Every structure is written in structure tokens, then in C-alpha cells.
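Model, not experiment: these values are computed from the prediction. In what follows, chains are A, B, ... by sequence order, proteins preceding strands, each numbered from 1.
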Number of protein chains: 2
Amino acid sequence: MVGTDAGTPRERYRAQVQQEIKAHAWEQIRAAGASALSLSAIAKRMGLSGPALYRYFAGRDELITALVRDAYRSLADAVRLRAEAGADLAALAQVLRRWALDDPQRYFLVYGTPVPGYEAPRDTTSIAAEIMAVLLEASAGVVGAATPDDREAPGPLEAHLAEHRSWDGGNPAPSSALRLALVFWTRLCGVLSLELAGHFTGMGFDPEELYTAEVRALTGG
Amino acid sequence: MVGTDAGTPRERYRAQVQQEIKAHAWEQIRAAGASALSLSAIAKRMGLSGPALYRYFAGRDELITALVRDAYRSLADAVRLRAEAGADLAALAQVLRRWALDDPQRYFLVYGTPVPGYEAPRDTTSIAAEIMAVLLEASAGVVGAATPDDREAPGPLEAHLAEHRSWDGGNPAPSSALRLALVFWTRLCGVLSLELAGHFTGMGFDPEELYTAEVRALTGG
DNA sequence: TCGCTTCTGTTATAGGTTCTAACTCATCGC
DNA sequence: GCGATGAGTTAGAACCTATAACAGAAGCGA
């Protein structure tokens, strides 16, 4: 645990209390969703009284923003770690699915309903870019493995992406890899969002079958 | 406008006030999201005082439930009307996109973050089934139009769906049509959810290109 | 037309929330 | 030890949901 005990005692204490607040916040969110998050309730359960928490977070919004950032970070770490361990795109799909099922409300904090006025802070967008970079790298591996016969003529989307690839982080992957990473992302989020929101309940089939079928279609398995 | 003025004067008045309440509610939701919906604020803007609204809705949850139902209904009507006018699957995709972009928060009320404990009332699930029935019908048209050469061997998902098609509403469509309707739904919701939540902002490309590319891939255009 | 009933809207109130202000007290560094 | 910093407290303003008790209008039957 390198870096855990850096700074002055006060800073360490402060960081620890902040972590404790966030832990209680996650507990509440898991139980009743982010909209039910209450600073007062957290304070009460920590043996503190209401306004004490404002020493640690400027308000409810700042706490939620921190939770969103942590959620983003946990997904980015999970994906990046497995990618560095040599996982291919199909394996990354399973990482994403596991991460989502492990805590649906955490998934929705990242990919759920946005607040109209809300502007994502800079660090979360950079984490999002980090995730896309990993997916892009893995996608380049898939399209690179395709035999020349499999290379279809670039469609309109590839052409469009070839001209708008400012988000590729300098990755020299072909536009077909850009397309694959993007479609991978949207299709899997599509299945997960509907599954976790319960839109498949009562339909009788197993969402995992749908998910893995989409992964197969994407990775040419 | 058949059926608008049915019932006693009191019933008509009551229905009108309920509609007015919902109109103000949508206004608030469009501006600041469903979590910012306030009965007090609605009452104030209607020239009423707080508790008066409880004559029309038992509480905040019941109002939101009514709004969810109306949102579902508007999507089902939009899709069904165009389908009855002869629209094919690609055209229905455009209807869905237009409906979503027209009011993102309405989309998220249906397909956004769910409240953990919340159980969808029966009438909304039946509307969801109605939407799926329309998509299934249009999907059957697409797979029916495919030449025999295009018919691929049924994959694992088709096999799974063939055994779990309780949601098909008695439609005798082949399991490939079930698969298509399901994948149509999830892929398009994937693009729309990410687009409307702003996850593509700053990436430079046009989400509509991605959307139409997915529609092309689905309808074999 | 009278009067009863039903429904609408009111105020008062309880209890919850976020958040600010002002104050007390412990801790840390010099 | 002493001053500065920071943590935690209570008090309070301004919201919110929701209920209770009451006033008054509208509808309906006799």
C-alpha cells in the first residue's frame, strides 16, 4: 500500500474520513440509488452531526462528483489491468460485464441518466479517454488479426471516423479499429443498460446469452 | 378529439388539472431532470398551494409513475403509427431516434437509471411488450426479405431464443427475427443512451453517423 | 329550490433535506 | 506556552414531502 500514509497526520486523518464518508455513500447508493443519497444520514451513521461533513465535501454535488470519479477510475483500472495482462477484446468485454453486474448503481453513476446542467469535470473525461484508449488498442489487435479477405471495404462510418479521430489519443490504428472500439462500447453498454434497468425481466431469456452473442459478433469468434 | 370530453364535469375538470400538472412536471424535468421534480414548485406555478396537488396524485412517486407511463405510451404510439403506415425497420429506427432527441429526459425516464426498489406497474410492461411486438413484426419483414443465401446458420443466441420466446406475443416469426428485434433494440439504445448522456461530446465525430451505420448493419442496407 | 354529500383548496404542522453562520475546542507548529 | 489552523458543534434559514383538519364551492336528489 504505497502512498497510503503520506502527508501530515491531519491530512491522513482527513483523507481517511473522506474515504469513510464515501464508503457510507456507496452503501446508501447501492441500497436506494444516487437520488436517495443523504449527507445527514451519512453523518448520523458516522456518529457526527450534519454540517460536519461540509468540512470534507463542499456539498452533495461535490460528493457525488467524487463518487462518479471513483466509479470511472475503478472501471478504467479493471480494464487496463486486464489489458496489460494480455487480455483480448472478448476478455475485456467480460471485465466490463462483471464490473457492471458487480454494482449496477455504480454502472449507472457513469452511464446512467445525466443531470441536464451537469458538466463532467476534466479528470473524469480524461479517465473516459483512458478507457477508450485501452479498447482501441485491443480493437487494433482484432482487426490486425483479420485475414485480408475479411477486410471489407470501408463503409461510411469508417470514412467519417477517419476524418474525425481527434479522440484516438494519437493511436495510429486504422479507422476500422476506431469503428470497432466505438461499436464495441455502444453495443455492450446497450445490453448492460437495458439488462441492469430490468428491461429484460419477464422476457424469459438469459441476458448473458445476448451479451456474449454481441461479443462474438464483434470479435469474429 | 374523440373521448376528450367524457364523464361528468367534475371528472373532466379533474382530468384537465391532472394534465396541467403533468405539463408543468415535464417542463421541470426537461429543465433539470426528474430528480429535481418538485410538487411544491408545480403548485406554486399553477397558483395553488402545496398540498392541493395531493388531490390529484397521491405523491411524488405516483406522479413520476404517470409520467413514465405517458413517456412509454408516446414512444409506443410513435412507433406503432409509423409501422401501420408501412414503415420498415430502418424507418422505425429513425422514429426512435427522433423521439429520443426530441426530449432526452423523457427517453431517460424510460431507459435511464432505475430506482433499486422500484417495480414497474403492469401497464407499463404491457406497453413495453407492445413496442417489442411492433419491432418484431418489422424484423420479420427484414429476415423474410433476405435471400436464402443470406440465411446464416442459427447461432447460439438464436437457439437460446428459440427456447425462450415467451415474450414474442404469439408472433410466429422465426427465431432469427426475434434475435434481430432484440439486437436492434439494444444496439440503438446503446448509441442513444451514450449520445444523450454526452459521452460522445468532445470526441469530434457525429453520433448520427454511428447510429445510421448501426441501422445499416442491422437491416442489411 | 333546499339541503346533503362530495370534492377542491386552504392553513397548520410534523419531519425530512441542504447548506450557512457563529461558536467551542482540540491539535499542530513555532 | 501561544497563536494559527482546522474539526465539530448548535442554531437557523429555506427548501422539500406528506398528513390533518377545516372552509367553501359544486353537483345531485327530493
Side-chain angles (χ1 to χ4, degrees), chain A residues 5-68 105 109 115-118, chain B residues 5-68 105 109 115-118:
Chain A
D5 45 17
T8 68
R10 264 194 177 157
E11 281 171 336
R12 288 201 296 141
Y13 177 75
R14 183 177 177 77
Q16 183 186 330
V17 174
Q18 277 180 332
Q19 287 304 117
E20 196 178 341
I21 292 171
K22 289 198 284 189
H24 281 94
W26 279 118
E27 210 173 313
Q28 283 195 11
I29 287 177
R30 256 187 293 269
S35 64
L37 184 71
S38 158
L39 292 187
S40 302
I42 293 174
K44 211 159 281 184
R45 278 180 91 162
M46 288 178 69
L48 297 176
S49 252
L53 296 202
Y54 288 81
R55 297 281 175 200
Y56 300 93
F57 294 95
R60 214 184 94 108
D61 285 5
E62 192 176 293
L63 173 57
I64 289 183
T65 298
L67 297 174
V68 170
Q105 288 297 318
L109 220 51
V115 176
Y118 184 74
Chain B
D5 45 15
T8 69
R10 263 195 177 155
E11 281 171 336
R12 288 200 296 140
Y13 176 77
R14 184 177 177 76
Q16 183 186 331
V17 174
Q18 277 180 333
Q19 288 302 118
E20 194 177 343
I21 292 171
K22 290 197 285 188
H24 281 94
W26 280 118
E27 209 173 314
Q28 283 195 13
I29 287 178
R30 258 187 292 270
S35 65
L37 184 71
S38 156
L39 293 187
S40 302
I42 293 174
K44 211 159 282 185
R45 279 181 91 163
M46 288 179 68
L48 298 175
S49 253
L53 296 202
Y54 288 81
R55 298 286 176 198
Y56 300 93
F57 294 95
R60 214 185 91 108
D61 285 5
E62 192 176 293
L63 173 56
I64 290 183
T65 297
L67 297 174
V68 170
Q105 288 296 318
L109 220 52
V115 175
Y118 184 75

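- Less than 4.0 Å separates DNA chain D from at least one heavy atom of each of the following residues of residues 41-52 of chain B: B:Pro51.
- B:Phe57 comes within 4.0 angstrom of no nucleic acid atom, judged by non-hydrogen atoms across all strands.
- When every heavy atom of A:Gln105 is checked against every heavy atom of A:Ala34, the shortest pair comes out as OE1-N, 4.0 Å.
- Taking each heavy atom of A:Leu39 and A:Gly59 in turn, the nearest pair found is CD1-C, 4.1 Å.
- Within residues 14-40 of chain A, the residues having any heavy atom closer than 4.0 Å to DNA chain C are, in order of number, A:Leu37, A:Ser38, A:Leu39, A:Ser40.
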Walk me through whether A:Ile42 and A:Leu37 qualify under side-chain contact (heavy atoms from CB on, under 4.5 Å). CA-CA 8 Å; A:Ile42 293 174; A:Leu37 184 71; 3.9 Å; yes
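- Closest non-hydrogen pair, A:Gln28 versus A:Ala41, comes out as NE2-CB, 3.2 Å.
- For the residue pair B:Leu67 and B:Ala25, the shortest heavy atom distance occurs at CD1-CB, 3.8 Å.
- Between A:Ala31 and B:Pro116, the closest heavy-atom pair is O-CB, 3.5 Å.
- Reading DNA chain D from its 5' end, the first and the last nucleotide to sit under 4.0 Å from a heavy atom of chain B are D:dC16 to D:dG27.
- Contacts between chain A and DNA chain C, taken as any atom within less than 4.0 angstrom of a protein heavy atom, begin and end at C:dT17 to C:dC28.
- B:Arg30 CZ: more than 12 foreign heavy atoms inside a 6.0 Å radius.
- From A:Gln18, atom CD reaches atom CG of A:Leu53 across 10.5 Å, with rounding to the nearest 0.5 Å.
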Does B:Thr65 form a side-chain contact (heavy atoms from CB on, under 4.5 Å) with B:Tyr118? I'd like the steps, not just the answer. CA-CA 10 Å; B:Thr65 297; B:Tyr118 184 75; 3.5 Å; yes
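- In terms of heavy-atom proximity, B:Gly50 sits nearest to B:Ala43 at N-CB, 3.7 Å.
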Report the C-alpha separation of B:Lys22 and B:Phe57 in whole Å, then their side-chain angles, then the decisive distance to 0.1 Å, and conclude whether the side-chain contact (heavy atoms from CB on, under 4.5 Å) test is met. CA-CA 10 Å; B:Lys22 290 197 285 188; B:Phe57 294 95; 4.0 Å; yes
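- Residues satisfying the salt bridge (Lys or Arg N to Asp or Glu O under 4.0 Å) criterion with B:Arg10, sequence neighbours excluded, are absent altogether.
- A:Arg60 comes within 4.0 angstrom of the backbone, heavy atoms only, and of no base.
- Looking at residues two or more places apart in sequence or on another chain, you find no salt bridge (Lys or Arg N to Asp or Glu O under 4.0 Å) involving B:Arg14.
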